[in-house]
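Data block below; observations after.
As the structure is a prediction and not an experimental result, all values here were calculated from the model. Just so we're on the same page: letters track the sequence lines, and every chain starts at 1. Side-chain atoms are counted along with the backbone in the values below, which use heavy atoms only and exclude waters and symmetry mates.
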Amino acid sequence: MTADLFGAQDDQPWAEHLSAGTVWHHGLAVKHEVQLMTAIADIERQAGFRHMVTPGGFRMSAAMTNCGQFGWVTDQGGYRYAESDPQTGKVWPDIPECFLTLASAAAAQSGYPGFQPDACLINRYEVGSRMSLHQDKNEQDFSAPIVSVSLGLPVQFQFGGLTRKERPARLTLEHGDVIVWGGPDRLRYHGVGALKSGEHRLLGACRINLTFRKAG
DNA sequence: AAGTATCC
DNA sequence: CTGG
């Protein structure tokens, strides 16, 4: 990875090892922020954010889109990965190089070298949007970790156990934070609380989360 | 079912 | 009324 990928203080011992997963706290270097924002805007032009519907018929409060070979979708028929955007019939946009660089570097630093995601779900949270506790389990390959990148407003992240009963740990995720979980922790329940109002210098009253997976 | 409603 |  490049020395400035995670900002000027990258040689600091950043990792905060939880009982499961690794959180990297850092300020993204300005040029990388700009690259990521530009890439998201480019993806949005090809595959717009939309509020998907759960199998139970409820509209999700987070707006979603995807890039990569596979995109996570939900509708009344269930959760699944699709190789094309149901909204346009077109394949999802490619995962931008700057996304891949960040995701693989974060995975490698957390003990998962060679991470090559083929799916990136992009969630956009407005004030009040949330994501209740769930497992990422629609992927074919649980040997690859999950890499999650937070941008914009802070949020309370809930990191639970392998059953829903286990009480989740809570931690605040801020702009530029990256969390990686895999191996025995790959199927841990996780979610985020409702986004509180605020103003981020780049994203305004909004949080965007990039979640990288090996789906296929 | 990654949802809401309700209770405490 | 709220947060879990």
Return the value, rounded to whole Å, for the distance between atom [atom1] of [X] and atom [atom2] of [N].
X	N	atom1	atom2	answer
A:Y81	B:dA2	OH	P	14 Å
A:Y189	B:dA1	OH	C1'	9 Å
A:F49	B:dA2	CZ	P	22 Å
A:L133	B:dA2	CG	P	9 Å
A:H134	B:dG3	NE2	C1'	13 Å
A:R50	B:dA2	CZ	P	20 Å
A:L187	B:dA1	CG	C1'	15 Å
A:Q158	C:dG4	CD	C1'	9 Å

Looking at the rings of A:W92 and A:F70, which for Trp means the six-membered one, are their centres under 6.0 Å apart? no

Mark yes or no for whether A:T74, through its side chain, and A:V53, through its backbone, hold a donor-acceptor pair below 3.5 Å. yes

Would you check if the side chain of A:R50 reaches a backbone N or O of A:M64 as a donor-acceptor pair within less than 3.5 Å? yes

Contact class for [X] (heavy atom, under 4.0 Å): base, sugar-phosphate, or nothing?
X	value
A:T54	sugar-phosphate
A:N123	nothing
A:R80	nothing

By nearest atom, which of the nucleotides B:dA1, C:dG4, B:dG3 is closest to the A:P55 side chain? B:dA1

Closest to the A:R130 side chain, choosing from B:dG3, B:dT4, B:dA1: B:dT4

Value for CG (A:D118) from CD1 (A:I95), rounded to nearest 0.5 Å, stands at 7.0 Å

Base partner of C:dT2, which must satisfy Watson-Crick or wobble distances under 3.5 Å: none

Pairing partner of B:dG3, by Watson-Crick or G-U wobble and under 3.5 Å for both distances, is none

NZ or CZ of A:R186 within 45° of A:F142 ring axis and under 6.0 Å: no

